[in-house]
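Please read the structure below before turning to the comments.
All values derive from a computational prediction rather than experimental measurement.
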Amino acid sequence: MQKSECHGGVHMRNRKAGSCDQRTSSSIQIKHRTTVQKSNSSSSTSSPETARKLHPRPSDKLNPKTINPFGEQSRAPSAFAAIYSKGGIPCRLVHGSVKHRLQWECPPENLPFDPLLITLAEGLRETKHPYTFVSKEGFRELLLIQGAPEKAVPLLPRLIPALKAALVHLDDEVFARGLNALVQLSVVVGPSLNDHLKHLLTSGSLIIIKSKIPTYCSICC
């Protein structure tokens, strides 16, 4: 009797130990799954896309498909760049080993100044190549043709605002191109420019121009 009771007690203890091991194993598995779920949840909420969904910006509602609207790649081209890319400037830039030059599709003498000269004057505000060279050199070469005074004088009311915009530009090289263009224009049209100087040399623009004169001299000299 004692032996059977002993064997029975051992058997019961083994069963209890087995069930205890099973419960311990199940508890470990449950804890592991909970830890993995928490890890996945935290990693998903820490991603930029999820953070953007949880905390949307006001601009997302206005421009849901806009990516970095102030980035360089999303800026629209300037008016001059758009005209040049569409062939609106009848010349092309020829790269030389020493210096660049323009090759016109037809003799400049046969080209109408309106609106070509005005477009080139507006292009003086450009800050990127090749627009900077095309506008500067194109403006200069048009004013060198025979009959330029007769063609340029009627356009002075529209040329002056474009030149003024270049003269008050924050970029020193744009200012230098605008001042050079103004000098070239004054040589061609002569006293006809006098009536328009009051629109060009306002008090505000005079302050800016005076402050930039030393920079202009350093660039040109």
Side-chain angles (χ1 to χ4, degrees), residues 59 62-145 148 151-186 188-189 193 196 199-200 202 204-205 208-209 211-212 215-216 218-220:
S59 58
L62 299 175
N63 304 300
K65 295 183 179 180
T66 301
I67 300 175
N68 191 13
F70 302 105
E72 188 70 21
Q73 70 278 4
S74 61
R75 290 180 182 173
S78 64
F80 183 84
I83 293 173
Y84 181 78
S85 63
K86 293 178 181 179
I89 311 296
C91 65
R92 65 184 183 90
L93 176 62
V94 179
H95 294 272
S97 57
V98 179
K99 63 179 181 178
H100 306 319
R101 65 182 180 86
L102 294 181
Q103 181 173 328
W104 296 91
E105 296 177 1
C106 62
E109 293 81 3
N110 300 334
L111 295 173
F113 273 30
D114 188 7
L116 182 56
L117 188 65
I118 300 169
T119 302
L120 292 169
E122 293 173 346
L124 295 171
R125 288 175 288 170
E126 295 291 333
T127 57
K128 293 183 179 180
H129 183 79
Y131 312 127
T132 53
F133 181 83
V134 172
S135 59
K136 174 187 68 174
E137 188 63 16
F139 189 87
R140 186 186 72 84
E141 292 186 12
L142 278 186
L143 291 179
L144 291 177
I145 67 170
K151 293 182 177 182
V153 169
L155 301 179
L156 285 176
R158 296 159 65 189
L159 285 171
I160 295 303
L163 294 178
K164 181 179 178 179
L167 289 173
V168 299
H169 200 279
L170 296 177
D171 191 289
D172 292 336
E173 293 185 357
V174 172
F175 167 78
R177 286 194 295 271
L179 193 55
N180 280 330
L182 179 61
V183 172
Q184 295 161 6
L185 183 65
S186 66
V188 172
V189 301
L193 186 62
H196 302 276
H199 303 292
L200 180 66
T202 59
S205 62
I208 297 175
I209 292 171
S211 66
K212 286 182 175 290
T215 304
Y216 167 77
S218 64
I219 291 174
C220 296

Identify the heavy atoms of [X] and [Y] that sit nearest to each other, and give their distance.
| X | Y | result |
| --- | --- | --- |
| F80 | S135 | CZ-CB, 3.9 Å |
| I160 | H196 | CG1-CB, 3.7 Å |
| A152 | V189 | CB-CG1, 4.0 Å |
| L163 | G178 | CD2-O, 4.3 Å |
| Q184 | F139 | OE1-CD2, 3.8 Å |

side-chain contact (heavy atoms from CB on, under 4.5 Å) between L193 and L200, worked out
CA-CA 10 Å; L193 186 62; L200 180 66; 5.8 Å; no
Those residues that, when tested against S186, pass side chain to side chain donor-acceptor pair (under 3.5 Å) (two or more places apart):
none
Which distance, rounded to the nearest 0.5 Å, do you find between the [atom1] of [X] and the [atom2] of [Y]?
| X | Y | atom1 | atom2 | answer |
| --- | --- | --- | --- | --- |
| F133 | R101 | CZ | CZ | 10.0 Å |
| E137 | L142 | CD | CG | 10.0 Å |
| E126 | T132 | CD | OG1 | 8.5 Å |
| R92 | Y84 | CZ | OH | 9.5 Å |
| R177 | D171 | CZ | CG | 6.5 Å |

N180 backbone acceptor or donor facing R140 side chain under 3.5 Å
no
Would you list the atom pairs, donor with acceptor, under 3.5 Å between side chains in residues 105-125 and any protein atom, with sequence neighbours excluded?
unit_1	atom_1	unit_2	atom_2	d
D114	OD1	R158	NH1	3.3
D114	OD1	R158	NH2	3.2
D114	OD2	R158	NH1	3.1
T119	OG1	P115	O	2.9

Stepwise, does the side-chain contact (heavy atoms from CB on, under 4.5 Å) test hold for H129 with L93?
CA-CA 10 Å; H129 183 79; L93 176 62; 3.5 Å; yes
Stepwise side-chain contact (heavy atoms from CB on, under 4.5 Å) check, E141 with W104
CA-CA 10 Å; E141 292 186 12; W104 296 91; 2.7 Å; yes
Can you name the residues that form a side chain to side chain contact (heavy atoms under 4.5 Å, CB included) with V98, not counting sequence neighbours?
none
